[in-house]
Number of protein chains: 2
Amino acid sequence: MNSTMLSSTKIESPWGSRADREAERQIKREAVLRTAARFFNAQGFHATSLEDVAAALAVTKPTIYHYFRNKDEILFECVRLGLEGIRDAACAAEDRGGTGRDRLEALMRQYAMIMTQDFGICVTRTSDDQLGEQSRLRFRELKREIHNHLQSVIKAGMADGSLGNGNARLVAFTVAGALNWIARWYRPDGEMSAETVAHSTVDTLMRGLVPQGASR
Amino acid sequence: MNSTMLSSTKIESPWGSRADREAERQIKREAVLRTAARFFNAQGFHATSLEDVAAALAVTKPTIYHYFRNKDEILFECVRLGLEGIRDAACAAEDRGGTGRDRLEALMRQYAMIMTQDFGICVTRTSDDQLGEQSRLRFRELKREIHNHLQSVIKAGMADGSLGNGNARLVAFTVAGALNWIARWYRPDGEMSAETVAHSTVDTLMRGLVPQGASR
DNA sequence: ACGTTAATTTACTCATCAGTATAGTAGTTA
DNA sequence: TAACTACTATACTGATGAGTAAATTAACGT
């Protein structure tokens, strides 16, 4: 390539070095988070040292500290990604129209799917005592937000008659428990696909254990 | 009291010093376990030092080591008590007669109740990476045993028609998730009694979310 | 070429906490 | 009273791991 072929003023690349760098940085941050989440899920938060994470990425610990303030921030970002995924699914479900039951079903399916993924699993396995004071508050805030969405969709369904009546708060906990628990037992390398698990779990919750149409 | 009233050979007390001591020892062991379980539940296992536990009992760390080999043994004993409670409830439910559905309902109620208590909460909050190699195996063993009981009662109900058909393994996970989750949100000082929560959660699982008698 | 900034390393510090060595005390037995 | 055992405390060791200081290299803009 001959430089005479270019005009004197160099064309600003849309992938200018500034943005490039920033993108690189984000990619690296994400890699750290994903790796960390997998370690946390496999060995637990406290049993995972940042040296483990660094080694898995073939770098050293201070490199990680170049991207994150501390271990707490890493854990929080992991659970944030998981929780925001669920929250977004909840918002999408609410906007989607249909009966309360339809919306709840969509929400639960999405929720269940996230529970089979790295950051979703991390959410269920993280208890707030593992986070620092600030993160703990935001963690609780996000969880409460999701619980409120869930509860409100359930209430809507009870109101429009598409769901049976009951204590919406308690029903929400029951649903959340069943869905969250997926993260504890599901193995991606097992026989069932995530979709099958999600579908089937939602179905069980919706229809209950007693035979359909059974008197009571 | 006059010693001449007693025959020359002293009567061996059933509360002889030997047995007395042993009983004292058990009481102290239990106090340690209960205190430890509460700390574990409130702050997490790793965030709880044995000095914390000792201080709460107004003794020092080496005293605890006089009753337990190590921290791992303490955690394991806590979860063992919780898990054996559930297992015993499962066995009792199986022996109790009635349809599969009746037995499942009894089992779930008991299970739910245990999930509102110290050692039961400890079970749900403990992940096996927190235990040593040996304890981890026994922990998993006990959990599997419970899962098997649960699954077999569900299968029995499906077979005798008192429960709707489905994938028993997956249904068992759904049930276990909803029940285990109680330990995460239930607060004894809240509005609902443990009995109410247990009853209501079981009811939701049994009847499902859709209105009864709904077509589909 | 030159200074600046991002990225990464080696080699540390520092705190925490599980677990122990050792010694002292109280009650029991002979 | 002497020896023994159970129990508890003081004062330590040792390992682990979070987080940092400082030096090094690579990349970029001017």
Side-chain angles (χ1 to χ4, degrees), chain A residues 8-13 15-32 35-36 39-40 43-77 129-135, chain B residues 9-13 15-32 35-36 39-40 43-78 129-135:
Chain A
S8 56
T9 56
K10 194 184 175 193
I11 292 160
E12 265 285 315
S13 158
W15 293 96
S17 57
R18 198 61 154 272
D20 243 3
R21 284 275 201 73
E22 189 53 29
E24 276 279 318
R25 193 180 169 84
Q26 286 308 319
I27 287 168
K28 287 176 182 174
R29 266 182 73 96
E30 253 189 66
V32 171
T35 306
F39 268 98
F40 296 161
Q43 320 183 342
F45 175 69
H46 285 283
T48 300
S49 83
L50 291 189
E51 314 231 38
D52 292 338
V53 178
L57 292 165
V59 292
T60 58
K61 191 167 51 157
T63 298
I64 291 183
Y65 277 91
H66 188 255
Y67 293 91
F68 297 92
R69 241 192 306 283
N70 49 37
K71 200 183 177 185
D72 178 67
E73 187 182 13
I74 293 174
L75 178 59
F76 179 71
E77 286 297 295
D129 51 69
Q130 291 170 320
L131 290 159
E133 205 151 348
Q134 296 303 314
S135 325
Chain B
T9 55
K10 193 185 175 195
I11 292 162
E12 264 285 313
S13 158
W15 293 96
S17 57
R18 197 61 155 272
D20 244 3
R21 287 277 200 72
E22 188 53 30
E24 278 279 321
R25 193 182 169 83
Q26 286 308 319
I27 286 167
K28 287 176 182 172
R29 265 183 72 98
E30 251 188 69
V32 170
T35 306
F39 268 98
F40 296 161
Q43 319 182 342
F45 175 68
H46 285 283
T48 300
S49 83
L50 291 188
E51 315 231 37
D52 292 338
V53 178
L57 292 164
V59 293
T60 57
K61 192 166 52 158
T63 298
I64 289 183
Y65 277 91
H66 189 255
Y67 294 92
F68 297 91
R69 241 193 306 283
N70 50 37
K71 200 183 178 186
D72 179 68
E73 187 182 12
I74 294 175
L75 178 59
F76 179 72
E77 287 297 295
C78 288
D129 51 70
Q130 290 169 319
L131 290 159
E133 205 151 351
Q134 297 302 312
S135 324

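Any value given below was found using the heavy atoms of this structure, including those in side chains, with hydrogens, waters and symmetry copies removed. Computed from a predicted model, the values in this text were never measured in an experiment. The chains referred to below are lettered A, B, ... by the order of the sequence lines, with proteins before strands, and numbering in each begins at 1.
- Qualifying side chain to side chain contact (heavy atoms under 4.5 Å, CB included) partners for A/Ala55, counting only residues two or more places apart in sequence or in other chains: none.
- Pairs passing the ring-ring contact (aromatic ring centres under 6.0 Å, His included) check and including a residue from residues 54-74 of chain B, sequence neighbours excluded, do not occur.
- The distance from atom CD of B/Glu24 to atom C1' of C/dA26 is 14 Å, rounded to the nearest whole Å.
- Here the C1' atom of nucleotide D/dT16 and the CD atom of A/Gln43 are 14 Å apart, to the nearest Å.
- Of the side-chain N and O atoms in B/Tyr67, one or more sit less than 4.0 angstrom from OP1 or OP2 of D/dT8.
- Protein atom CD1 of A/Ile64 is 13 Å distant from nucleotide atom C1' of C/dT9, rounded to whole Å.
- Summarising the geometry, the separation between NE2 on B/His66 and P on D/dA6 is reported as 7 Å, rounded to the nearest angstrom.
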Write down the protein N/O and nucleotide N/O pairs, taken from nucleotides 23-25 of chain C, whose separation is under 3.5 Å; answer none if there are no such pairs.
none

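- Applying the ring pair (Phe, Tyr, Trp, His ring centres under 6.0 Å) criterion to A/His46, with sequence neighbours excluded, gives B/His46.
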Contacts under 3.5 Å, N or O only, protein and nucleotides 11-18 of chain C:
residue	atom	partner	partner atom	Å
C/dA18	OP1	B/Thr48	O	3.4
C/dA18	OP1	B/Lys71	NZ	2.8
C/dA18	OP2	B/Leu50	N	3.1
C/dA18	N7	B/Lys61	NZ	2.9

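- Of the candidates A/Glu24, A/Glu30, A/Arg25, A/Glu24 is the only one forming a side chain to side chain contact (heavy atoms under 4.5 Å, CB included) with A/Lys28.
- Using a 4.0 Å cut-off, some side-chain N or O of B/Arg25 falls inside it from OP1 or OP2 of D/dC7.
- Atom CD of A/Glu73 and atom C1' of D/dG19 are 14 Å apart (whole Å).
- With sequence neighbours left out, A/Thr63 forms a side chain to side chain donor-acceptor pair (under 3.5 Å) with no residue at all.
- Side-chain N/O atoms of B/Thr60 include one lying less than 4.0 angstrom from OP1 or OP2 on D/dA9.
- Take B/Asp52 and apply the salt bridge (Lys or Arg N to Asp or Glu O under 4.0 Å) test, not counting sequence neighbours, and it matches no residue.
- Looking at residues two or more places apart in sequence or on another chain, you find a salt bridge (Lys or Arg N to Asp or Glu O under 4.0 Å) between A/Glu73 and A/Arg69.
- A/Val53 is not listed as a side-chain neighbour of A/Ile74, based on a closest heavy-atom distance of 4.5 Å or more.
- B/Glu51 pairs by the salt bridge (Lys or Arg N to Asp or Glu O under 4.0 Å) definition with B/Lys61, not counting sequence neighbours.
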